[in-house]
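One structure below.
Naming: A, B, ... by sequence-line order, numbering from 1 per chain.
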Number of protein chains: 2
Amino acid sequence: MINPDLLLQFNAELIKIEKGHIIFDYGSKAQFYFQVKSVEVKMNNVNRDGKEFIQGIFYAGQSFGEPPLFADVAYPAGAEAITDAELYRLPKDIFFELLKQNPDTHLKISEVLASRLYYKAIMASEISSQEPEHRILRLLDYTKKHIHDLDSTDVLEVDLTRQQIADLTGLRVETVIRSCKSLEKKGEIQIKKRKIFR
Amino acid sequence: MINPDLLLQFNAELIKIEKGHIIFDYGSKAQFYFQVKSVEVKMNNVNRDGKEFIQGIFYAGQSFGEPPLFADVAYPAGAEAITDAELYRLPKDIFFELLKQNPDTHLKISEVLASRLYYKAIMASEISSQEPEHRILRLLDYTKKHIHDLDSTDVLEVDLTRQQIADLTGLRVETVIRSCKSLEKKGEIQIKKRKIFR
DNA sequence: AACCATTTATGATTTGAATCAGTTCTGGAA
DNA sequence: TTCCAGAACTGATTCAAATCATAAATGGTT
């Protein structure tokens, strides 16, 4: 979300991460600002106690892992590249220096935090309201609107596996599969060749 | 979280809200920055579709409802005073003006957003991991640490009703009651005269 | 002291997602 | 073309939280 030129101006490193490699671990200290550079790059977070819960998947142009930078806490989740990825990386103190010198950029970061908080707020209430089908629809609508910038008349081809949907919503694969079928019957989504469209 | 003097300097209004009165509605547009002034003041959010889910309860000195201000979206939840409350209220554009002129305050706001995001991230993964007892403990530990600023050796007297705990964790009252009893047996919490201590 | 609203408590039953176990499908590699 | 791993799918079973129903405790009010 920060202009790449500005990042480079502040000597941001451009690092390459191979698929499956760890970017930072759960519980470690935040030392860098990260922003996804190019290609469709996804990122997922794993949480302790066996089961995986994906906090979010991030694509080109998006930043991630900033909260611990500000809040001075350990990472609540680890981060991993799920495809080969290119990332901008900026050390913490330089990041703050950049913000200080560029109030507009700081405001943009606040916007990002705010909209992510908005998303989490919605997901939290939606997840709590059980109803697997609701959870899934909210997730799809969110990614459609906020990740792919489509409006409601467009059709989104969902590029998440059922397992990823499960990990994002806190459900089980089988439940996701069954719910999707049911949603298809209700006309809420379409499934063509196992791909989900919404 | 913003210094009250600074708020007043920017002509923030001081408004009184009676217990049970609505501060803003679900789905309405964000027009003000709000900050709780005095006394222990709680605030809760209600969501549509019947069931209540409390996004958070806010106490003296805390601000709330900022995300929609930044993200330019409608409120994902309504806000209501659960005791008589005094609030500072600052119109949106003046709020931004204040931030522009006070980078340090802006940074503080970012910190607040970030730490709330951190909390939501933890709650999200914790809620998804089912386990009512885990959810409750996480909630208690969070309020203990981040709301009341106690460290782990202190004992927190929880001032939430079982119903509020239920609404914060997405559980049912009965489940909360039963889980609390079980947690007491396991020595994770104490219950004296129906009050929970952790 | 009696009354009432709210909160806490408890037992019985239902329900639906998780779990378990196994099958089919698909696209890519050999 | 066959092979194979990963993903999607399906049915049967289990289990725990929601639900329902109802009672007891508590604090505040008159």
Let me know the distance between CZ of B/R162 and P of D/dT26, rounded to the nearest Å.
12 Å
What residues, two or more places apart in sequence or in another chain, satisfy side chain to side chain donor-acceptor pair (under 3.5 Å) together with B/Q35?
B/Y33
Passing option when A/F10 is tested against A/L7, A/L8, A/L6 for side chain to side chain contact (heavy atoms under 4.5 Å, CB included):
A/L6
d(CG, B/L171; C1', C/dA9) in whole Å:
17 Å
Run the ring pair (Phe, Tyr, Trp, His ring centres under 6.0 Å) test against B/Y88 and tell me which residues pass, sequence neighbours left out.
none
Can you tell me how far P of D/dA8 sits from CG of A/D167, to the nearest Å?
12 Å
Mind checking the CG-CD1 spacing from B/L90 to B/I2? Nearest 0.5 Å is all I need.
7.0 Å
Under the salt bridge (charged side-chain N to carboxylate O under 4.0 Å, His left out) test, which residues partner A/E157, sequence neighbours left out?
none
Specify the separation, in whole Å, of atom CD of A/E174 and atom C1' of D/dT13.
13 Å
Compile the donor-acceptor pairs under 3.5 Å between side chains in residues 67-77 of chain B and protein atoms, sequence neighbours left out, one pair per line.
none

Residues which pass salt bridge (charged side-chain N to carboxylate O under 4.0 Å, His left out) with A/K192, listed by chain and number, not counting sequence neighbours:
none
Just the rounded figure in Å: distance from P of C/dA18 to CD of B/E131.
13 Å
Within residues 175-191 of chain A, which residues have any heavy atom lying less than 4.0 Å from an atom of DNA chain D?
A/I177, A/R178, A/K181
Quick one: what's the B/S/- string for nucleotides 23-28 of chain C, heavy-atom cutoff under 4.0 Å, read 5' to 3'?
--BSS-
Acceptor/donor pairs from residues 108-118 of chain A side chains to any protein atom, 3.5 angstrom cut, sequence neighbours excluded:
unit_1	atom_1	unit_2	atom_2	d
A/S110	OG	A/H106	O	3.2
A/S110	OG	B/H106	NE2	2.8
A/S110	OG	B/S110	OG	3.4
A/S115	OG	A/V112	O	3.3
A/R116	NH1	A/E66	OE1	3.0
A/R116	NH2	A/S63	O	3.2
A/R116	NH2	A/E66	OE2	3.1

Rounded distance (Å) that lies between atom P of C/dT6 and atom CG of B/L160
18 Å
Donor-acceptor pairs under 3.5 Å, side chain of residues 176-185 of chain B to any protein atom, not counting sequence neighbours: which ones?
unit_1	atom_1	unit_2	atom_2	d
B/S179	OG	B/T175	O	2.7
B/S182	OG	B/E133	OE2	2.6

Looking only at C/dA18, D/dA7, C/dA21, the nucleotide nearest the A/T161 side chain is D/dA7
Taking atom P of C/dA5 as reference, at what distance in whole Å does atom CD of B/Q163 sit?
18 Å
